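The block underneath contains the structure these notes are about, expressed in structure tokens.
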Protein chains: 2
Amino acid sequence: MSASTSRRQRLRQATLEEIHAAARKLLVEQGSAAVTINAVARQVGMSGPALYHYYADHDELVGAVTADFFRELAAAMEQARDARAGAPVGERILAVCRAMRAWAIAHPAEFGWIFASPIAAPNRQPDAARHQAALRFEQVLLDLTAELWQTHPFPVPDLAELPASLREQLTTYFAAIDGQLPPQAAHVFLSCWIRLYGLLCMEVLHQLDFAYADLEPVFEECLRDLAVALGIDDDAAA
Amino acid sequence: MSASTSRRQRLRQATLEEIHAAARKLLVEQGSAAVTINAVARQVGMSGPALYHYYADHDELVGAVTADFFRELAAAMEQARDARAGAPVGERILAVCRAMRAWAIAHPAEFGWIFASPIAAPNRQPDAARHQAALRFEQVLLDLTAELWQTHPFPVPDLAELPASLREQLTTYFAAIDGQLPPQAAHVFLSCWIRLYGLLCMEVLHQLDFAYADLEPVFEECLRDLAVALGIDDDAAA
DNA sequence: TAGATTATTTAGAGGCAATAAGGAAGCATA
DNA sequence: TATGCTTCCTTATTGCCTCTAAATAATCTA
């Protein structure tokens, strides 16, 4: 090879980016059903089957684009976090949550795609890239919560009072996150995650249109609840 | 016509039911992508285009089947409610919530379909049947909450302290539900609804698999939170 | 019984996923 | 520098899909 990245590799990389951009454009402008192998290829200026040199099948293309979205979302959250590098951890947590919703609102098609695409494949394999990107996304708030836990521990339930099955699952999760949070604290974190992510999920999936046109105040109220649960509702914001 | 329902109408009705059953079978056994006009027709024993005498297009078939699912889910909830006709309203509310999850767990494909199908059509029209059925579904818990509100009022926030935009939206919703609940109480109801439905949404969409394998204890904890919010956490269950 | 309505069929246009086979261009090495 | 390998892309081709059109059979109505 002529350099660390050969000319071929650079061209290929550029084509991949062009493919992703085309897929995204189709998604945003015409909905998820419009993101077909043929349509993407047309958009890029190639003829259908050429795309199979870049992805094994339609699912793999979808997975790659989804990974992009996860990465972009995670990056937006990380940026919100780093922009407040010196601030109290509670403040950074709230900023990251708002950044998460801001990205979802600014990119509803992409955020919806994140939920919609797994439906097509309930028997999905790990799908390295996508799964990796999803983990990074989940990790942002987990990291901050772990930091909060270590510097300003929040109230947690007594492990002995939780149902046995829940205790087991939390212990498994405790191991899965390399002990970043003890099971009781992980339970609080997951409860917050469920409320936060669940609300955004419903908003983007238009499950609340029957009552709300603008969920911003509902989201802010949710954040206040989470702040209470995490003990970051005082002025110092922990 | 020979009777209030002619022979033709009865046959047509039977065919419609057969079509729905075929669509559901395909959904459950092979996933939502398998529910195509052609596959359903094959299943019923008709050749493709015949289905267009029953539904204008694929979307309409999907909508009709979705309406079925909503009706079945609502019926399950209503049955749980009516089975405890004399019980305190708080107890009935919790029973209905559990019936809702029980149906979702017993019919994951159908429950997921309820969320997944709207994604395909973000610009969806009212779609009479489907919308009607969704309303009936939402109405079950709204009715019970209204009954609770009238017999054992639960704590509500001060309307003056809510953000103006939220206040406006709640007033609009107050009118939409024919004044069944005043805006402040509607706000509490909607908060509960979001947590309940959001949790089920995430469970069925496998958004929590990374942490939980069995969400039953998480759901029960959610119910306890709702019971506190609705003031039905005492022994008498309101 | 004749005409209208309804149910269903085959034929076909157009699109999509995926495979196969072949050509053109870049790249490496003898 | 000429030969061969790899990569990229193209044009068929298959099979399934949606949906329309036209024709046929069955059923009801007057």
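Every chain is numbered from 1, with letters handed out A, B, ... down the list of sequences. Quick caveat, the model's predicted, so the values are computed rather than measured.
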TODO: Give a yes or no on whether the ring-centroid distance for B:F115 and B:Y197 is below 6.0 angstrom.
DONE: yes
Task: Residues B:E17, B:R24: salt bridge by 4.0 Å N-O rule - done: no
TODO: Check every strand shown and say whether B:Y54 touches a base, only sugar-phosphate, or nothing at a heavy-atom separation below 4.0 Å.
DONE: sugar-phosphate
Task: Out of D:dC8, D:dT18, C:dC16, whichever nucleotide has its closest atom nearest the side chain of A:H53 - done: D:dC8
Open item on the list: In this structure, how many angstroms lie between the P atom of D:dT18 and the OH atom of B:Y55, rounded?
Closed with: 15 Å
TODO: Would you give the length of the straight line joining atom CZ of A:F137 to atom CZ of A:F69, rounded to the nearest 0.5 angstrom?
DONE: 14.0 Å
Open item on the list: Within this structure, what is the CD1-SG distance for the pair B:I194 and B:C201, rounded to the nearest 0.5 Å?
Closed with: 12.0 Å
Task: Whole-Å distance separating the CG atom of B:N38 from the P atom of C:dC16 - done: 17 Å
- [ ] Find the distance A:E18:CD to D:dC8:P and express it as a whole number of Å.
- [x] 14 Å
TODO: Please list residues of residues 39-49 of chain B whose heavy atoms come under 4.0 Å from any atom in DNA chain D, ordered by number; otherwise none.
DONE: B:R42, B:P49
TODO: May I have the distance from A:Y52 (atom OH) to C:dC16 (atom P), rounded to whole angstrom?
DONE: 11 Å
Open item on the list: Looking only at side-chain N and O atoms, does A:Q169 offer a donor or acceptor that is under 3.5 Å from a partner on B:D214?
Closed with: no
Task: Protein-nucleotide distance (A:L51, atom CG; D:dT10, atom C1'), rounded to Å - done: 13 Å
Task: Closest to side chain of B:T36, choosing from C:dT8, C:dA18, D:dT18 - done: D:dT18
Task: Short side-chain to backbone donor-acceptor contact, A:R101 and A:C97, under 3.5 Å - done: no
Open item on the list: Distance check needed: D:dC17 P versus B:L26 CG, whole Å only.
Closed with: 10 Å
Open item on the list: Let's see if you can work this out: which of C:dT19, D:dC19, D:dC17 has an atom nearest to the side-chain heavy atoms of B:D57?
Closed with: D:dC19
Open item on the list: Using whole Å, what does the distance between atom P of nucleotide C:dT6 and atom CG of B:L11 come to?
Closed with: 14 Å
